[in-house]
Protein chains: 2
Amino acid sequence: MALNTKEQLLEAGLSMLLKHGYNDLGIQALLEATGVPKGSFYHHFGSKEDFALQVIDRYMQEVHQGLEAALQDQTLRPLERARRFFELSREKYRQDGHLGCMLGALGQELSGVNPTFARKIEDCFSVVTRHIAECLEEARQQGQLAPDADPVELANLLLNCWEGAALRSRLLRDPAPLDRMLDFYFAAATRDA
Amino acid sequence: MALNTKEQLLEAGLSMLLKHGYNDLGIQALLEATGVPKGSFYHHFGSKEDFALQVIDRYMQEVHQGLEAALQDQTLRPLERARRFFELSREKYRQDGHLGCMLGALGQELSGVNPTFARKIEDCFSVVTRHIAECLEEARQQGQLAPDADPVELANLLLNCWEGAALRSRLLRDPAPLDRMLDFYFAAATRDA
DNA sequence: TATTCTGAATAGACCGGTCGGTCTAGGAGA
DNA sequence: TCTCCTAGACCGACCGGTCTATTCAGAATA
């Protein structure tokens with residue numbers, strides 16, 4: 001039951017961290033929600049911080065699944081693949097109750113004070129943008145983007161604006177800002193192809 | 001000294017809330033930083049939440065100053081006025097140590113759990129977008145934007161993307177994402193004027 | 001196969017410290 | 001004197017984390 005318990009904690013951590021953030025999530029609440037005793041928690045995790053970092057790793061596993069599902073889809077042209085990734089993310093947010101992106105939430109909450117989390121989350125973002133940038137480079141080569149477009153900068157732009165839209169979507173519990181942002185971005189990026 | 005004490009608390013609250021967020025900011029730390037005894041705090045504020053809400057009000061006073069300084073500047077064309085507002089904000093972020101926007105930070109941290117803050121912060125955002133939208137409408141009338149452009153939607157887009165860039169800027173302690181976002185947005189919005 | 005051993009995992013009482021918040025007393029200006 | 005404000009001791013609750021006892025599956029031994 002060892003792996004099972006750890007999995008259970010990480011799984012609950014995904015939803016509880018997304019909703020409560022880091023500081024408002026008590027270990028005790030997590031244990032009550034999962035029925036796991038405290039001793040088990042500190043057997044599997046060195047600290048609350050260690051736990052949260054592992055939850056982020058798990059979150060990134062899901063992100064990578066999304067990236068793979070969208071960016072490897074050979075039935076789509078490159079730009080549509082990139083957009084598909086964010087549409088898949090939007091669907092995940094919907095399933096989670098329109099609470100937006102955990103990376104954005106934890107990044108805002110913790111990066112003012114905790115450099116470990118700031119670096120961790122920035123690393124996650126930069127991994128994602130790297131994948132998106134590769135996809136956008138393909139789009140550029142296929143003429144979907146202007147020949148002088150900068151895929152890395154465009155990818156960062158896309159992700160950053162997405163995170164802003166995700167915040168607004170979290171405030172309003174409404175996915176509309178996400179779609180509006182994608183419409184605007186892809187219209188703008190495509191226009192001078 | 002009554003007003004003075006309250007002012008002092010709000011002033012310290014501005015910087016401490018921006019850096020620490022809500023849950024990581026202890027009343028005690030605030031009192032030690034200001035030299036104010038606990039009794040005074042609870043004389044002026046009903047609770048920690050009440051205090052934070054008033055800090056947000058104070059933050060919005062500064063935002064309104066920025067809005068006024070930028071959007072009323074008759075030496076600039078409307079679109080340049082809008083951009084100026086965000087450039088003023090960027091300078092404020094710089095002074096505060098590149099910690100981004102307090103509304104975005106508190107919005108992400110608290111909106112999952114606390115509807116009072118979610119509503120409050122969404123209200124702040126919608127007030128700002130309303131001003132920006134008026135300015136963009138003027139731009140549309142003057143031919144700086146396409147005749148069929150939707151100023152309200154464009155204003156929301158602008159603010160949301162800005163908040164995303166502010167998060168990234170906070171993570172990296174670097175204003176570059178803010179400027180990149182403005183460049184992209186205004187190039188895109190202007191292109192088909 | 002039966003028995004012993006062992007280390008991982010479970011279980012929760014318990015710890016000091018800190019949390020937000022209350023209370024009462026004193027001081028200052030009207 | 002009366003009202004506002006300062007002042008800080010004090011409160012119970014809860015925080016993250018430690019500690020020790022116990023359980024239990026499976027390897028080792030015979």
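Protein chains get the first letters and strands the later ones, always in sequence-line order, with residue 1 at the start of each. Computed from a predicted model, the values in this text were never measured in an experiment. All heavy atoms count here, side chains included; hydrogens, waters and symmetry mates do not.
Remark: A:Thr5 is in phosphate contact with C:dT10, judged by side-chain N or O atoms under 4.0 Å from OP1 or OP2. A sub-4.0 Å separation between OP1 or OP2 of C:dA8 and a side-chain N or O of A:His44 is absent. Residue B:Gln28 places at least one side-chain N or O under 4.0 Å from the OP1 or OP2 atom of C:dC19.
The nearest whole Å value for the distance from the CG atom in B:Asp24 to the P atom in D:dG16 is 12 Å. Taking atom CD of B:Gln8 as the reference point, atom C1' of D:dC5 lies 14 Å away to the nearest angstrom. A:His43 has its NE2 atom 13 Å from the C1' atom of D:dT23, to the nearest Å. Separating the CD atom of A:Glu7 from the C1' atom of C:dA9 is a distance of 16 Å, rounded to the nearest angstrom. We find that NZ of B:Lys38 is positioned 20 Å from P of D:dC5, with the value rounded to whole Å. Straight-line distance from the CD atom of B:Glu32 to the C1' atom of C:dC19: 13 Å, rounded to whole Å. Computed from coordinates, the B:Ile27 CD1 to C:dG17 P distance equals 21 Å when rounded to whole Å. The distance from atom CG of A:Leu25 to atom P of D:dG16 is 8 Å, rounded to the nearest whole Å.
Looking at A:Gln144 and A:Glu138, their side chains never bring a donor and an acceptor atom within 3.5 Å of each other. Using modelled atom types, one finds a donor on one side chain and an acceptor on the other under 3.5 Å when comparing A:Glu137 with A:Gln141. In the model, A:Arg180 has no side-chain atom that pairs as donor or acceptor with a side-chain atom of B:Asn156 under 3.5 Å.
With sequence neighbours excluded, no residue satisfies ring-ring contact (aromatic ring centres under 6.0 Å, His included) with B:His98.
A:Leu31 comes within 4.0 angstrom of nothing in the nucleic acid, heavy atoms only. If you check every strand for non-hydrogen atoms under 4.0 Å, B:Leu30 touches nothing.
In terms of position along DNA chain C, the nucleotide closest to A:Phe41 lies nearer the 5' end than the nucleotide closest to the other residue of the pair B:Phe41 and A:Phe41. Between A:Gly39 and A:Tyr22, the one whose closest nucleotide on DNA chain D sits nearer the 5' end is A:Tyr22.
Residues B:Leu30 and B:Phe41 form a side-chain contact, since some pair of their non-hydrogen atoms from C-beta on lies under 4.5 Å apart.
Counting atom types as modelled, B:Lys48 pairs no side-chain N or O with a base atom of C:dG21 as donor and acceptor under 3.5 Å.
Taking the six-membered ring where tryptophan is involved, the planes of B:His131 and B:His64 are perpendicular, since the angle between them exceeds 60° and thus also 30°. Using the six-membered ring where Trp is involved, B:Tyr93 and B:Trp162 have ring planes that are tilted, between 30° and 60° apart.
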*In dot-bracket, 5' to 3', how would DNA chain D read with Watson-Crick or G-U wobble pairs under 3.5 Å, [ ] for crossing ones and | for pairs to another strand?*
||||||||||||||||||||||||||||||

